[in-house]
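Written below as structure tokens is the structure these notes are about.
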Amino acid sequence: MSLSLNTYCRIKDKEVHINGELFCQFMEEGSFLRSVYNHIGLSYPKFFKMDALSQLGFLGAEMTLMRSELETYADDEVAVIYSNRSSSLETDHAYYNSLKESGIASPALFVYTLPNIEVGEICIRHKLYGENNFLITERFNAAQLLEQCEALFADNAAKAVLIGWTEVNGDEHDGFFVFITNTSVEDLTAESLTDIYLDR
Amino acid sequence: METKARTGLSEVYVGAKSIICPLGDTPAKVYDAMLRGETGLQQLERPFGVETTSHVGLIPNSFIIEERVDSTKLENMLAKCYEHSVSKLQYDPFQDEDGLVIICTTKGNIDKIDRDDDPRLPLTRLSQFMRQSFDLGNEPMIVSNACISGLLGIITAARLIRAEKYEHVMVLGGDVVSEFTLSGFAALHALTEGVCKPYDKNRTGINLGEAAAGLVLSNDDTLFKGRCDEYVSGTSANDANHISGPSRTGEGLHRSIERTLNPASVSAGQIGYLSAHGTGTSFNDEMESIAFERSGLSDVPVNSMKGYFGHTLGAAGVIETLLGLEGMKRKELVVSLGYEEEGVSRPMNIITRTTAPTSDYFLKTASGFGGCNAAALFKTR
């Protein structure tokens, strides 16, 4: 199973697959995202300030965009449209619990209580001035994301879109990232995207 | 047809306004109160247990009469707006496949976070609630993109209609004030004492307000019982600069304005009214003044509505767009409440007495955390 014209990255069950091939796996408890960060040889200190949701979305973007000829696009031609089920709920609880336990609200945690912060982190890292959106769906919704891509392309608002699904539940990470261009989109169907997502 | 011939953009109409905010529960009532210079912000002793002197904009319980079983304040607000908006249409098109509801919110039912595992906390609950309550033909889309959520929902709706994915889209924006948001903004030192003063020399921060609002966008102007206006174009752009502070150069906002006006072949000088974000924080308002100057908008009559009902977060883009359209219709633009003395580095034509728009074009902008910005252009008919 492959999406021949699109770069894609799947992060699930402590494994990273890029374009359908196993890229890396780390089975130790608790340090998966940091291990991936080290594995790709990144030096980006801001990574360690991010919450797990942003780290997951950031790493997915990193591994997908570095294989997507990003440099061939103007800085406002690439949109980032991410989605998930739980918004920033895990960090919401962390923020609220720390407020209740210490009586002091943490500004550093509060900033990450919006899901689109991870999109902001990606735009900063890759200097992307294009369109953004963050959609909340019950499960990975390929049809909705493809619809968004088609609507952006039809409106000449983007030439490519990085779509993402990022769900974090404690030590479990579920990420899926696809770089979709205005020419490759025709070959994609919601079914083919969903099949690849469900394959891992 | 004039718009189509000029710009090549197919028509999208916007109307069927609904609103619930601290100042009232119909667009006319709210706008009348704004014209009288009233504010819905009030002082409370330790609001939601948070140590702040910042006033808050709360919705009176009397505005939300029909309680549905197990439903939250926000859900009742959204349901009421849905009903109000649909009552202004010839029929309810959202029970069919070609109709879509978009819900714009930053935090949904976050006021329920103090209960362990309340099933109403995930944002997906809003989608389920609306679909079940109104037998909707499609699962509602949820946009959660910080403080541009509402305006981004409107832009997304228009794009989906132009791409022929749907014929009619209702955009609902809603957020409530809670201990969660109030304590967070207090921790960021972003709350003003008393009431906010957007663009004023002595501004010190924001007020939080709660609201829900609805608008319907459609490719068919006969859907609306009463008047409707035209959506022309809109875009979003990221600053690529900082996750919680606006760009010093207004880069993303400037770009989103340029990318909104250019495809419509409308110049900055043709804009008759600008409804800005104007939160009342030092950095946001200064950033906007820079972006507006770079975009050639310094002479356009501009206001911020935050002094009337506070920053309503995910609802802001919807509520401020529909009240802006109300002002365009009446040809009476409200004063930028709280503004007294020039307090940004670039010139702005801030509205200090009720004034008429200088043309039929209305531009709405918004900016938010995550470095996001959005702009949308409308034309009154």
Report the C-alpha distance between Phe185(B) and His311(B) in whole Å, list the side-chain angles of each, state the deciding distance to 0.1 Å, and finish with yes or no for ring pair (Phe, Tyr, Trp, His ring centres under 6.0 Å).
CA-CA 11 Å; Phe185(B) 281 101; His311(B) 191 346; 7.2 Å; no
Stepwise, does the side-chain hydrogen bond (donor to acceptor under 3.5 Å, both in side chains) test hold for Thr260(B) with Ser233(B)?
CA-CA 6 Å; Thr260(B) 296; Ser233(B) 55; 5.3 Å; no
side-chain hydrogen bond (donor to acceptor under 3.5 Å, both in side chains) between Ser127(B) and Thr124(B), intermediate numbers included:
CA-CA 5 Å; Ser127(B) 169; Thr124(B) 47; over 6 Å; no
Show your reasoning for whether side-chain hydrogen bond (donor to acceptor under 3.5 Å, both in side chains) applies to Tyr231(B) and Glu11(B).
CA-CA 7 Å; Tyr231(B) 171 94; Glu11(B) 279 88 351; over 6 Å; no
Apply the test ring pair (Phe, Tyr, Trp, His ring centres under 6.0 Å) to residues Phe179(A) and Tyr73(A): give CA-CA distance (whole Å), side-chain angles for both, the deciding distance (0.1 Å), then the verdict.
CA-CA 13 Å; Phe179(A) 190 78; Tyr73(A) 296 89; 5.8 Å; yes
Could you walk me through whether Glu179(B) and Lys100(A) pass the salt bridge (charged side-chain N to carboxylate O under 4.0 Å, His left out) check?
CA-CA 11 Å; Glu179(B) 179 190 16; Lys100(A) 289 287 123 176; 2.7 Å; yes
Trace of the side-chain hydrogen bond (donor to acceptor under 3.5 Å, both in side chains) decision for Asn241(B) with Glu251(B)
CA-CA 9 Å; Asn241(B) 176 63; Glu251(B) 188 64 25; over 6 Å; no
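Looking at Ile117(A), both its backbone and its side chain come within 4.5 Å of chain B, counting heavy atoms on both sides. Of the atoms belonging to Asp92(A), heavy atoms from both backbone and side chain fall under 4.5 Å from chain B. Using a 4.5 Å cut-off between heavy atoms, Ser183(B) touches chain A through backbone and side chain atoms alike. Looking at Ser256(B), neither its backbone nor its side chain comes within 4.5 Å of chain A, counting heavy atoms on both sides. Interface residue Asp155(A): only side-chain heavy atoms are found under 4.5 Å from chain B. Interface residue Ile136(A): backbone and side-chain heavy atoms are both found under 4.5 Å from chain B. Contact of Ala154(A) with chain B is made through the side chain alone, with heavy-atom distances under 4.5 Å. Using a 4.5 Å cut-off between heavy atoms, Phe153(A) does not touch chain B at all. Contact of His93(A) with chain B is made through backbone and side chain together, with heavy-atom distances under 4.5 Å. Heavy atoms closer than 4.5 Å to chain B are found in the side chain of Gln144(A), but not in its backbone. Both the backbone and the side chain of Asp114(B) have a heavy atom closer than 4.5 Å to some heavy atom of chain A. Contact annotation for His189(B): neither backbone nor side-chain heavy atoms come within less than 4.5 Å of a heavy atom of chain A. If you measure heavy-atom distances from Leu126(B) to chain A, you find no contacts under 4.5 Å at all.
More than 12 heavy atoms of other residues, nucleotides or ligands lie within 6.0 Å of CZ in Phe48(B), so this atom counts as buried by the packing criterion. In the displayed structure, Glu164(B) atom CD is contacted under 6.0 Å by at most 12 heavy atoms of other residues, nucleotides or ligands. The environment of Lys14(A) atom NZ is dense: over 12 non-hydrogen atoms of other residues, nucleotides or ligands sit within 6.0 angstrom.
For the set Ser106(A), Gly120(A), Ser88(A), Pro107(A), the count of heavy-atom pairs under 4.5 angstrom toward chain B peaks at Pro107(A). Note on Pro115(A), Ala151(A), Ala157(A): by heavy-atom pairs under 4.5 Å with chain B, the leading option is Ala151(A). Counting heavy-atom pairs closer than 4.5 Å to chain B, the top residue among Ser87(A), Gly130(A), Ala105(A) is Gly130(A). Most heavy-atom pairs under 4.5 Å with chain B, from the set Asn156(A), Asn97(A), Ile124(A): that is Ile124(A).
Among residues 166-174 of chain A, no residue has any heavy atom closer than 4.5 Å to a heavy atom of chain B. Interface with chain B: from residues 50-72 of chain A, no residue qualifies, criterion being any non-hydrogen pair under 4.5 Å. Within residues 76-86 of chain A, the residues having any heavy atom closer than 4.5 Å to a heavy atom of chain B are Asp76(A), Arg85(A), listed by residue number.
A donor-acceptor pair under 3.5 Å is absent between the side-chain atoms of Arg10(A) and the main chain of His17(A), judged by distance alone. When atom types are taken as modelled, the side chain of Asn145(B) and the backbone of Phe134(A) share a donor-acceptor pair closer than 3.5 angstrom. Under a 3.5 Å cut-off, the side chain of Asp98(B) and the backbone N or O of Glu167(B) do not form any donor-acceptor pair. Of the possible donor and acceptor atoms, one in the side chain of Tyr37(A) sits under 3.5 Å from a partner among the backbone N and O of Leu42(A). Without hydrogens or angle criteria, Arg159(B) side chain to Gly234(B) main chain gives a donor-acceptor distance under 3.5 Å. A donor-acceptor pair is defined here as one N or O able to donate and one able to accept, closer than 3.5 Å; no such pair exists between the side chain of Asn373(B) and the backbone of His254(B). Looking at Ser31(A), its side chain never comes within 3.5 Å of a backbone N or O of Arg34(A) through a donor-acceptor pair. Remark: the backbone N or O of Ser236(B) is paired with a side-chain donor or acceptor of Arg259(B) at under 3.5 angstrom. Here the side chain of Asp199(A) pairs no donor or acceptor atom with the backbone of Asp195(A) at under 3.5 angstrom.
By the ring pair (Phe, Tyr, Trp, His ring centres under 6.0 Å) test, Phe94(B) pairs with no residue at all, sequence neighbours left out.
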